[in-house]
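Contents: one structure, followed by commentary.
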Number of protein chains: 2
Amino acid sequence: MTAHPTIVESLRQEGYRLTPQRIMILDIINDSMSHISAEEIHRKVQEQYPFVNISTIYRTLNLLKKLRLISETDLGDGYVRYELLERERHRHHHLVCRQCGESFAFEDELLKPLQIRLLKEYGFAADVDHFAIFGLCQRCRRGEGRGGVRKEGQHGAD
Amino acid sequence: MTAHPTIVESLRQEGYRLTPQRIMILDIINDSMSHISAEEIHRKVQEQYPFVNISTIYRTLNLLKKLRLISETDLGDGYVRYELLERERHRHHHLVCRQCGESFAFEDELLKPLQIRLLKEYGFAADVDHFAIFGLCQRCRRGEGRGGVRKEGQHGAD
DNA sequence: ATTGCAAGTGCAACTATTTGCACAATGACT
DNA sequence: AGTCATTGTGCAAATAGTTGCACTTGCAAT
Ligand SMILES: [Mn+2]
Ligand SMILES: [Mn+2]
Ligand SMILES: [Zn+2]
Ligand SMILES: [Zn+2]
């Protein structure tokens with residue numbers, strides 16, 4: 001319970017209605033420690049209230065994304081994943097290894113120079129909310145291709 | 001006819017079979033002046049040979065992508081689009097305006113510093129083949145929001 | 001508390017893309 | 001030219017995600 005009241009307020013302020021579905025979804029994203037998929041959100045919502053349809057989840061996620069309250073990212077596991085967008089503190093992005101599937105966070109600071117050049121040279125204001133950059137991690141480059149092989153898809157029971 | 005013989009050769013050299021489907025698909029991507037979708041490729045293939053299934057298109061695209069012969073990019077119009085990856089010359093990326101939908105190319109050179117820092121500081125070898133960075137273009141930032149409104153989806157007849 | 005209506009929801013049908021499986025075709029070896 | 005193992009293909013069924021439409025609900029004005 002209690003999605004950042006800040007967020008709930010900003011929703012109402014923008015003229016959007018505070019439905020129980022929206023509040024539940026926000027709570028779940030807020031309580032989730034990391035990137036969460038629509039399917040996972042749907043399962044958790046249904047534990048509380050089983051009549052919520054998956055399309056409502058997607059519609060709410062798209063709204064929150066449009067308002068830049070959450071990020072939407074493909075981290076390469078076959079599901080689009082969502083995360084609260086902290087407006088002030090520790091903005092971060094991810095490096096995703098194509099071989100082992102591991103995901104490493106990196107600081108927003110590394111993207112600032114690019115952002116600045118795009119603005120200066122092209123007048124383009126890049127949305128730098130939450131990137132995922134694919135490639136090969138250090139371990140995999142060294143041939144220490146540890147067990148974990150890239151998995152795509154199929155939401156299973158946890 | 002005649003997809004870069006270089007590419008056809010590299011396919012055979014890697015031990016993949018040269019089926020008429022693969023050659024047709026490569027020809028179409030090669031002849032296409034810009035980013036092309038799976039559906040568009042399928043339509044063009046079917047003009048020549050109507051029995052090719054769309055799943056073959058996707059499977060071939062996934063193969064060519066794995067071999068880094070083509071790039072796969074979401075340019076925000078609701079379709080994943082494909083393009084030959086020139087290995088040597090003029091590698092480029094795109095800035096996509098979330099408001100007007102316009103797409104502007106920019107040189108790979110701008111991503112080099114980031115690429116180098118990721119390698120030095122994280123040991124991560126980023127695949128920098130063909131990025132699409134979303135944001136607001138100069139015109140739209142200035143409020144000159146020219147007509148064109150963001151369109152998502154629905155492949156129509158051209 | 002009641003009303004009215006625009007915004008939101010559930011449902012079913014649809015879209016793009018993936019996958020399992022039985023059958024067909026490639027290309028290496030003869 | 002013919003054989004054969006293996007790879008690739010077509011088809012149908014599945015997947016995640018979207019959308020039109022009729023019904024419900026939040027909420028502002030009374
Ligand atoms: Mn993250
Ligand atoms: Mn391009
Ligand atoms: Zn790795
Ligand atoms: Zn624009």
Side-chain angles (χ1 to χ4, degrees), chain A residues 8-26 35-43 45-46 48-67 70 72-82 150-157, chain B residues 8-26 35-43 45-46 48-67 70 72-82 150-157:
Chain A
V8 176
E9 254 328 288
S10 78
L11 266 185
R12 166 179 279 133
Q13 231 105 55
E14 302 263 353
Y16 295 98
R17 292 184 183 171
L18 295 185
T19 66
Q21 290 92 332
R22 283 178 178 169
I23 293 174
M24 286 165 85
I25 292 169
L26 262 172
H35 317 93
I36 187 168
S37 74
E39 196 67 51
E40 284 162 4
I41 294 170
H42 188 220
R43 274 207 294 273
V45 167
Q46 289 201 318
Q48 302 178 242
Y49 182 63
F51 304 103
V52 177
N53 193 269
I54 186 81
S55 61
T56 297
I57 312 288
Y58 283 113
R59 279 192 276 233
T60 300
L61 290 171
N62 285 336
L63 172 65
L64 297 174
K65 172 177 39 146
K66 194 179 68 185
L67 299 176
I70 61 174
E72 178 192 62
T73 317
D74 176 2
L75 289 163
D77 67 344
Y79 302 91
V80 173
R81 295 185 168 275
Y82 300 85
R150 205 83 271 283
K151 229 175 271 175
E152 284 253 348
Q154 227 70 350
H155 255 300
Chain B
V8 176
E9 253 329 289
S10 79
L11 266 186
R12 165 178 278 131
Q13 231 105 53
E14 302 263 352
Y16 294 99
R17 293 182 182 171
L18 295 185
T19 65
Q21 290 90 332
R22 283 178 178 169
I23 293 175
M24 285 165 86
I25 292 169
L26 263 172
H35 317 94
I36 187 168
S37 75
E39 197 67 52
E40 284 162 3
I41 295 171
H42 188 220
R43 274 207 293 273
V45 167
Q46 288 201 319
Q48 301 179 241
Y49 182 64
F51 302 103
V52 178
N53 193 271
I54 186 82
S55 61
T56 298
I57 311 289
Y58 282 112
R59 278 191 277 234
T60 300
L61 289 171
N62 285 336
L63 172 66
L64 298 174
K65 171 177 41 148
K66 194 179 67 185
L67 299 175
I70 61 174
E72 179 191 61
T73 317
D74 176 1
L75 290 163
D77 67 345
Y79 302 92
V80 173
R81 295 185 168 275
Y82 301 86
R150 203 85 273 282
K151 229 176 269 176
E152 285 253 345
Q154 227 68 350
H155 256 300

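From a predicted model like this one, the values you see are computed outputs, not experimental measurements. Below, chains carry the letters A, B, ... as their sequence lines are ordered, and counting in each starts from 1.
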Item checked: Side-chain N or O of A/Y58 closer than 4.0 Å to phosphate OP1/OP2 of D/dT18 -> no
Item checked: Length of the line joining A/L61:CG and C/dG8:C1', which is rounded to integer Å -> 15 Å
Checklist line | A/K66 NZ to D/dT18 P, straight-line distance once rounded to whole Å | finding: 14 Å
Check: In degrees rounded to 10°, what angle is found between the helical axes fit to the five outermost pairs at each end of the helix from C/dA1-D/dT30 to C/dT30-D/dA1?
Finding: 30°
Notebook entry, point to check: What is the distance, rounded to the nearest whole Å, between atom CG of B/L67 and atom C1' of D/dG8?
Noted result: 15 Å
Next item on the list: Provide, to the nearest angstrom, the distance between the CD1 atom belonging to B/I41 and the C1' atom belonging to C/dT17.
Entry: 13 Å
Margin query: Rounded to the nearest 0.5 Å, what separates atom CZ in B/R81 from atom CD1 in B/I41?
Written below: 9.5 Å
Check: Residues two or more places apart in sequence or in another chain: which of them pass side chain to side chain donor-acceptor pair (under 3.5 Å) with B/T73?
Finding: B/H130
Notebook entry, point to check: Are any side-chain N or O atoms of A/R12 and backbone N or O atoms of A/L18, one a donor and one an acceptor, separated by less than 3.5 Å?
Noted result: no
Note to self: Show the nearest heavy-atom pair for residues A/M24 and A/Q48, with the distance to one decimal.
What the structure shows: CE-CB, 3.3 Å
Item checked: Distance-minimising heavy-atom pair for A/Y82 and A/I70 -> CD2-CD1, 3.7 Å
Notebook entry, point to check: Among all residues two or more places apart in sequence or in another chain, which pass the ring pair (Phe, Tyr, Trp, His ring centres under 6.0 Å) test with B/H42?
Noted result: none
Next item on the list: Specify the residue among B/G15 and B/N53 whose closest nucleotide of DNA chain D lies further upstream toward the 5′ end.
Entry: B/G15
Item checked: Residue met sooner reading DNA chain C from 5', once B/E72 and A/V52 are mapped to nucleotides -> A/V52
Note to self: At under 4.0 Å between heavy atoms, how does the protein contact nucleotides 20-30 of chain D? Give one character per nucleotide, 5' to 3', with B, S or -.
What the structure shows: B----BBS---
Next item on the list: Please state how far atom CD in A/E14 lies from atom P in C/dG8, giving the value in whole angstrom units.
Entry: 12 Å
Checklist line | Rounded distance [0.5 Å steps], CG in A/L75 versus OG in A/S37 | finding: 11.0 Å
Contacts table for residues 49-63 of chain A: side-chain donor-acceptor under 3.5 angstrom, sequence neighbours left out:
residue, atom, partner, partner atom, Å
A/N53, OD1, A/S55, N, 2.9
A/N53, OD1, A/S55, OG, 2.9
A/S55, OG, A/R59, NH2, 3.3
A/T60, OG1, A/T56, O, 2.9
A/N62, OD1, A/K65, NZ, 3.2
A/N62, ND2, A/Y58, O, 3.4

Next item on the list: Grab the CD1-C1' distance between A/I57 and C/dT9 for me, whole Å please.
Entry: 11 Å
Next item on the list: Write down the distance between CD (B/E40) and C1' (C/dT17), rounded to a whole number of angstrom.
Entry: 16 Å
Check: Which nucleotide in the set C/dT17, D/dT9, C/dG10 lies at the smallest distance from any side-chain heavy atom of B/Q21?
Finding: D/dT9
Check: Please give, in whole Å, the distance from D/dT18 C1' to A/K65 NZ?
Finding: 11 Å
Note to self: Rounded at 0.5 Å granularity, tell me how far CG in A/L11 sits from CZ in A/R17.
What the structure shows: 13.5 Å
